2 protein chains.
Amino acid sequence: MVTINKTAHPFDKSRLEALLNRRFFYAPAFEIYGGVAGLYDYGPPGSSLQANIIAEWRKHFIIQENMLELDTTCITPAPVFETSGHVARFADWMVKDTKTGDVLRADHLVKNVLEARLAGDREARGAAAQPPKEEDKKKRKKVAKSAAVKLDDAVVKEYEVTLAMLDNYSGPELGELCRLYSIKNPDTDNEVGEPQQFNLMFTSSIGPTGQHPGYLRPETAQGHFLNFSRLLDFNNGRVPFASAQIGRSFRNEISPRAGLLRVREFTMAEIEHYVDPLNKKHDRFYEVRDVTLTLLDRKVQSSGSTEVTRMTISEAVDKGIVANETLGYFIARIYLFLLKIGIDPQRLRFRQHMENEMAHYATDCWDAEIQNSTGWTECVGCADRAAYDLTVHSERTGHPLVVREALKEPIVTEKDVAEFNKKTVGKTFGKDSAALQKFVGELTEEELQKIKGELAQGSSVVSVDGKGFNLTPDLVTIDRKTFKQSIREYTPNVIEPSFGMGRILYTLLEHSYWSREQDLERGVLSLPPLVAPTKVLIVPLSAKDEFNPLIQEVSSKFRKAGVFSRVDDSNTSIGKRYARNDELGTPFGVTLDFASVANRTMTLRERDSTDQLIGPIDNVIATVTELVEGTIDWSEACRRLPAYDGVQAIE
Amino acid sequence: MVTINKTAHPFDKSRLEALLNRRFFYAPAFEIYGGVAGLYDYGPPGSSLQANIIAEWRKHFIIQENMLELDTTCITPAPVFETSGHVARFADWMVKDTKTGDVLRADHLVKNVLEARLAGDREARGAAAQPPKEEDKKKRKKVAKSAAVKLDDAVVKEYEVTLAMLDNYSGPELGELCRLYSIKNPDTDNEVGEPQQFNLMFTSSIGPTGQHPGYLRPETAQGHFLNFSRLLDFNNGRVPFASAQIGRSFRNEISPRAGLLRVREFTMAEIEHYVDPLNKKHDRFYEVRDVTLTLLDRKVQSSGSTEVTRMTISEAVDKGIVANETLGYFIARIYLFLLKIGIDPQRLRFRQHMENEMAHYATDCWDAEIQNSTGWTECVGCADRAAYDLTVHSERTGHPLVVREALKEPIVTEKDVAEFNKKTVGKTFGKDSAALQKFVGELTEEELQKIKGELAQGSSVVSVDGKGFNLTPDLVTIDRKTFKQSIREYTPNVIEPSFGMGRILYTLLEHSYWSREQDLERGVLSLPPLVAPTKVLIVPLSAKDEFNPLIQEVSSKFRKAGVFSRVDDSNTSIGKRYARNDELGTPFGVTLDFASVANRTMTLRERDSTDQLIGPIDNVIATVTELVEGTIDWSEACRRLPAYDGVQAIE
């Protein structure tokens with residue numbers, strides 16, 4: 001087997017982007033109309049890759065854990081998001097260029113400018129000897145101009161602390177930072193105004209009269225919460241359980257420039273796991289307790305550091321770093337999912353939200369951050385939203401969103417209760433009697449006992465809204481009664497893992513991309529077979545008609561085995577066809593040549609190593625099927641099938 | 001085997017709706033907020049059913065025919081829909097109640113009122129003897145009040161003709177019909193105003209400045225067309241090929257009241273098949289040529305009739321009833337798909353659009369209409385959109401959306417060409433020379449030959465914008481030259497099959513629903529295993545812990561076999577559990593009892609017949625797997641496994 005060196009060439013983002021564009025993984029939407037920032041279309045390989053990631057997500061989460069799948073609408077009437085708090089708070093801080101009126105996101109501006117200054121400082125200190133490469137210059141220009149200016153040590157430290165805590169600042173604080181550090185719009189060098197809030201929801205109106213304002217949902221979660229009663233009923237009234245949804249969401253980002261990492265329309269996959277607030281243990285926690293994770297907790301960040309810690313999830317839960325077992329269970333499951341689809345574990349960490357960063361109602365929140373050429377990017381959020389959402393929707397609509405649980409042992413309590421003689425009270429106090437009874441009904445145990453004592457003495461005077469009422473035993477009696485509670489009613493808490501599919505897909509592409517050692521121009525996407533758009537390429541060596549029955553046979557056998565194949569019978573050399581499919585991430589290729597027609601054999605090529613094996617057609621198909629299903633790896637395939645050393649001009 | 005009588009009870013829509021609501025197939029979105037007309041959420045069984053229909057669609061169309069899948073955005077900048085014609089024309093005619101201002105769709109109003117009058121007439125003529133049932137009354141009220149009033153024979157005929165041609169009327173014509181037939185708002189009995197156009201697209205705006213108006217797409221098609229060049233390139237420049245997309249679309253319906261049949265947000269699946277306008281034959285037409293369809297062509301409808309014809313698709317194409325082979329191929333493939341997922345072929349017809357109904361650019365258009373309790377509903381459209389879309393987008397953007405095809409035989413032509421002597425022309429005519437050369441370059445062959453003749457005589461005068469130029473042989477020579485054209489450039493035509501998934505799903509539910517002969521209350525959804533939300537229910541007869549390993553084993557074996565199962569270990573009787581799953585459309589059930597633990601046997605129940613078989617666990621799993629994959633049917637299963645006659649109290 002050939003040794004593969006995937007790091008012979010440093011990662012080159014512009015080459016990857018050219019590949020993704022050339023092979024139509026995705027492209028700016030409405031490109032021929034000049035495009036719209038933050039909107040992208042997925043072409044055939046991008047669509048397949050996304051569909052395969054989603055299919056695996058469905059298996060890993062929905063099927064494995066018997067979650068209840070939902071498909072709710074994107075268009076949402078305004079009252080829902082008024083209640084959820086999105087109308088008031090789902091906003092980013094933006095600043096305007098004081099001269100051009102250009103709009104920038106305030107936190108991104110601070111980040112870009114400070115990072116550029118730190119880069120300039122590093123250049124001035126060390127790398128000053130080497131002049132910056134032409135391509136480095138270009139790259140930097142897109143972000144923020146960086147001049148090789150040395151900074152004071154104290155300033156460097158200050159900038160670093162500010163950047164570590166960036167997600168913690170409010171809008172006015174970001175404005176303060178702009179003034180303090182003289183931060184200007186790097187595109188124009190003009191000053192920027194005070195940060196203002198900009199709501200990120202797209203607005204629309206529903207119906208022909210224009211009277212019903214609505215929004216496009218910025219997350220799928222509310223669709224779960226509003227259906228909670230129906231879901232609980234579907235689950236035979238039992239808790240815990242989870243609902244899951246894969247669907248579109250929309251955010252009117254202020255100034256999206258980061259490709260698939262910041263878009264205005266995207267596919268999310270969200271889970272809402274409903275759990276008893278008094279018991280956040282998880283039945284299957286034992287399955288994941290030894291999973292070791294890279295954690296960046298809140299305390300470390302607040303101290304201005306970004307140093308990570310490695311520990312098992314059970315240790316993190318035991319130490320109280322992760323708030324509870326259920327949250328920990330999902331964090332570990334998210335980790336396992338990301339690894340399965342091909343994310344590099346060395347470039348994956350879980351970062352805890354800081355106090356000010358977290359929604360006010362949340363108990364704890366961890367983001368799965370994946371490192372890529374732009375830094376660490378949040379790709380999955382995992383929050384304990386407590387009972388917030390169900391409570392606010394229930395209060396607004398009057399529809400109870402609660403669990404009613406039969407208690408094994410009923411709770412028996414005793415307390416004093418006032419009982420009025422309706423007739424005499426009505427006669428004595430007329431229209432005031434209702435208010436009086438309500439008032440007495442809401443008194444504390446202690447107050448009631450005081451009145452009880454006074455009644456035993458003859459009478460008691462109570463004052464309702466400044467008006468006195470003289471109570472006597474013929475009007476009211478206060479007696480001790482026994483109460484038996486056999487149902488416990490509670491609002492469940494919600495643990496929410498929320499996945500941004502586009503971000504995961506893009507970071508996976510970065511992690512999968514490399515160039516062949518011998519040829520920088522030959523890019524490869526080492527996507528795992530599980531998610532690769534096409535699993536196997538069928539390459540007929542000749543366009544002659546006599547190959548057709550064999551192509552048909554092999555295609556149809558792969559289809560029956562559930563392995564997605566494509567035939568490439570284009571008029572180019574076999575080398576070009578394989579190079580094209582290395583770029584498309586196709587893990588295996590089989591070649592049909594004249595020997596195949598004569599002997600019913602077929603060669604099998606592996607993408608990363610370009611190793612070739614040979615064997616009878618049916619054996620090769622069986623081997624590929626196992627490789628794709630992940631029951632064997634390539635070294636096992638090499639044991640099963642002999643190597644093929646027929647020299648092909650192209651490898 | 002028990003004989004099953006699925007038609008013992010007449011179809012009862014309100015029972016079906018109660019079932020779908022109770023089992024959370026779908027429910028009004030934002031129900032606890034009072035709901036919004038035309039927006040629905042799918043619950044767990046509805047989501048699964050939809051996902052299974054989509055998965056089969058993907059196999060039947062995308063994989064079988066190697067289509068290129070896309071995933072494009074819903075948010076669309078305004079210029080795209082200005083070009084496509086949607087801003088000007090994607091509208092329905094609405095009328096306003098002159099007193100209340102209520103808005104009604106004009107064609108629906110005419111249809112409802114005339115149909116109600118015809119129903120009243122039928123009642124007065126025949127059924128007058130039998131008083132209408134209470135439930136009939138209720139039903140009718142929702143549509144339009146119908147009084148048992150006999151109409152003249154001529155009026156009945158006139159109404160029928162009007163209804164048959166309803167899709168052919170323009171807005172002003174609908175207004176004319178309202179006046180002619182004194183049609184009022186049936187809810188209020190008030191007159192309605194003149195029909196006005198209402199655009200059905202939801203509007204929004206993109207970005208923080210509000211300067212970029214956008215729409216939510218009402219179809220996915222434009223996303224295909226805008227990416228045509230990339231798709232063609234991905235397909236190595238070859239035509240024909242097809243792109244396919246499954247995604248959300250949005251239509252701001254005027255007054256949706258028909259459940260899933262008319263909604264404001266829905267999932268579509270669209271194919272755009274690009275074909276040479278000079279050759280609309282289809283390679284695989286032979287595979288479908290004998291498929292026999294029920295057709296309702298344009299001529300029959302224009303004559304005021306709705307009488308259908310049965311014929312094979314090849315006959316329909318040969319006779320010119322269906323415009324071309326490719327259109328015919330897709331019509332037949334649509335038919336086969338609908339049958340596969342369980343649509344009743346007796347209640348499926350293909351209706352051709354009438355002249356005025358069709359988009360002005362379309363060559364031919366056929367709707368797959370499925371009969372249901374509301375009548376015949378368009379569920380799939382199949383149109384030949386000609387070159388319209390690609391042409392208009394190309395003209396607007398200047399980006400060529402064409403196919404360039406190498407000709408096998410270059411076309412060689414000869415023609416006269418004028419060649420100017422640049423130097424002398426420039427000297428003689430100065431700044432006019434450019435206009436002169438352009439003018440001469442655009443002359444016809446005939447005109448050029450006239451000048452050529454005159455030049456041979458010495459000189460020729462041409463007049464450009466009223467100015468005369470005297471041409472002589474030293475300024476210009478006209479010679480015969482040979483041209484060789486080796487590339488043919490053309491705009492492909494587009495055949496578009498377009499599927500409304502929600503409508504297909506709802507009509508399938510109607511076609512699948514029946515009540516057991518012995519008990520009207522016991523509803524069954526006879527969904528085919530292919531699309532059923534859950535394929536097999538695992539029913540442990542006891543909640544004892546000793547069952548757990550077996551439940552785990554059976555679940556995991558089904559999972560490995562790719563058969564989606566669910567365990568129902570709820571505390572109710574086995575009969576109730578099966579009844580619940582009959583309502584959910586679960587085709588098979590296996591029961592684990594004490595004999596299973598002791599002997600490793602399991603019973604297998606079939607939903608429709610309630611027949612039960614018994615066998616070793618692994619045999620039962622293998623049999624169910626084949627039943628679900630469709631390689632055997634129930635009668636074959638009965639041959640493989642012995643019948644189980646253990647009497648269970650519940651069947």
Side-chain angles (χ1 to χ4, degrees), chain A residues 23-24 27 29-33 36-37 39-44 46-48 50-51 63 66 68-77 79-80 94 103 198 202-204 206-209 212 216 223 226-227 229-231 233-234 236 248 250 252 254-255 264-265 393 397 399 559 564 566 570, chain B residues 23-24 27 29-33 36-37 39-44 46-48 50-51 63 66 68-77 79-80 94 103 198 202-204 206-209 212 216 223 226-227 229-231 233-234 236 248 250 252 254-255 264-265 393 397 399 559 564 566 570:
Chain A
R23 296 303 173 206
F24 199 11
F30 320 109
E31 195 177 18
I32 66 172
Y33 278 81
V36 175
L39 293 178
Y40 292 88
D41 290 343
Y42 288 23
S47 299
S48 292
Q50 179 184 245
I63 295 182
N66 256 305
L68 306 184
E69 191 165 355
L70 282 175
D71 187 5
T72 72
T73 63
C74 300
I75 295 177
T76 306
V80 172
M94 66 177 185
V103 175
F198 173 69
F202 283 99
T203 55
S204 193
I206 308 168
T209 56
H212 300 290
L216 295 179
L226 300 186
N227 284 302
S229 296
R230 286 184 170 274
L231 291 165
D233 186 45
F234 193 85
N236 296 323
R248 283 286 163 96
F250 304 83
N252 198 3
I254 290 169
S255 173
R264 287 174 163 154
E265 179 175 339
H393 286 302
T397 63
H399 185 100
R559 196 181 305 137
F564 183 63
R566 273 194 187 270
S570 57
Chain B
R23 296 304 173 206
F24 199 9
F30 319 108
E31 195 178 20
I32 66 173
Y33 278 81
V36 174
L39 294 178
Y40 291 88
D41 290 342
Y42 287 25
S47 299
S48 292
Q50 181 184 244
I63 294 181
N66 256 304
L68 305 184
E69 192 165 356
L70 282 175
D71 187 5
T72 72
T73 63
C74 300
I75 295 179
T76 308
V80 172
M94 65 176 185
V103 173
F198 172 69
F202 283 99
T203 55
S204 193
I206 308 169
T209 56
H212 299 288
L216 295 179
L226 298 187
N227 284 302
S229 297
R230 287 183 170 276
L231 290 165
D233 186 45
F234 192 86
N236 297 322
R248 283 285 162 95
F250 303 82
N252 198 3
I254 291 169
S255 172
R264 287 174 165 154
E265 179 176 339
H393 286 302
T397 62
H399 185 101
R559 198 181 303 139
F564 183 63
R566 272 193 188 271
S570 56

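All values derive from a computational prediction rather than experimental measurement. Numbered from 1 within each chain, the chains take letters A, B, ... in sequence-line order.
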Item checked: Most contacts with chain B, counted as non-hydrogen pairs under 4.5 angstrom, among A/P208, A/C74, A/S47, A/A29 -> A/P208
Next item on the list: For residues A/D41 and B/L70, determine if any side-chain heavy atom of one lies less than 4.5 Å from a side-chain heavy atom of the other.
Entry: no
Note to self: Which atoms of A/T209 are under 4.5 Å from chain B, going by heavy atoms: the side chain, the backbone, both sets, or neither?
What the structure shows: side chain
Next item on the list: Check whether any side-chain heavy atom of B/F24 sits under 4.5 Å from a side-chain heavy atom of A/N227, and report yes or no.
Entry: yes
Checklist line | Contact leader toward chain A among B/G207, B/P79, B/A37, B/S229, where contacts are heavy-atom pairs under 4.5 Å | finding: B/G207
Item checked: B/R264 vs A/I206 side-chain heavy atoms within contact, under 4.5 Å -> yes
Next item on the list: Taking salt bridge (charged side-chain N to carboxylate O under 4.0 Å, His left out) as the test, write out the residues that go with A/R566, two or more places apart.
Entry: none
Notebook entry, point to check: Between A/R230 and chain B, which part of the residue has a heavy atom less than 4.5 Å away: side chain, backbone, both or neither?
Noted result: both
Next item on the list: Let me know if A/Y40 has heavy atoms under 4.5 Å from chain B in its side chain, its backbone, both or neither.
Entry: backbone
Next item on the list: Answer yes or no: is there a side-chain heavy-atom contact under 4.5 Å between A/V36 and B/T76?
Entry: no
Margin query: Counting heavy-atom pairs closer than 4.5 Å to chain B, which one of A/I75, A/D233, A/I254 comes out on top?
Written below: A/I75
Notebook entry, point to check: Heavy-atom distance under 4.5 Å to chain B: side chain of A/N66, backbone, both or neither?
Noted result: both
Note to self: Do B/L231 and A/P44 have side chains that approach each other closer than 4.5 Å (heavy atoms only, starting at C-beta)?
What the structure shows: yes
Notebook entry, point to check: Picking from B/H399, B/H212, B/M94, B/R23, which has the most non-hydrogen pairs under 4.5 angstrom with chain A?
Noted result: B/H399
Notebook entry, point to check: Looking only at atom types and distance, does a side-chain atom of B/S204 sit under 3.5 Å from a main-chain N or O of A/T203, one as donor and one as acceptor?
Noted result: yes
Notebook entry, point to check: What pairs with A/Y33 under ring pair (Phe, Tyr, Trp, His ring centres under 6.0 Å), at least two apart in sequence or on another chain?
Noted result: B/H393
Next item on the list: Taking the side chain as every heavy atom from C-beta outward, state whether A/R248 and B/D71 have any atom pair closer than 4.5 Å.
Entry: yes
Margin query: Rounded to the nearest 0.5 Å, what separates atom CG in B/L39 from atom OG1 in A/T72?
Written below: 10.5 Å
Note to self: Can a donor-acceptor pair be found, under 3.5 Å and without considering hydrogens, that links the side chain of B/E69 to the backbone of A/S48?
What the structure shows: no
Note to self: Can a donor-acceptor pair be found, under 3.5 Å and without considering hydrogens, that links the side chain of A/N236 to the backbone of B/S570?
What the structure shows: no
Check: Looking at side-chain heavy atoms only, is the closest gap between B/F30 and A/T73 below 4.5 Å?
Finding: yes
Notebook entry, point to check: Non-hydrogen atoms of chain A under 4.5 Å away: do they reach the side chain of B/F234, the backbone, both or neither?
Noted result: both
Checklist line | Contact winner vs chain A - B/N252, B/L68, B/I32, heavy-atom pairs under 4.5 Å | finding: B/I32
Note to self: Which atoms of A/V80 are under 4.5 Å from chain B, going by heavy atoms: the side chain, the backbone, both sets, or neither?
What the structure shows: both
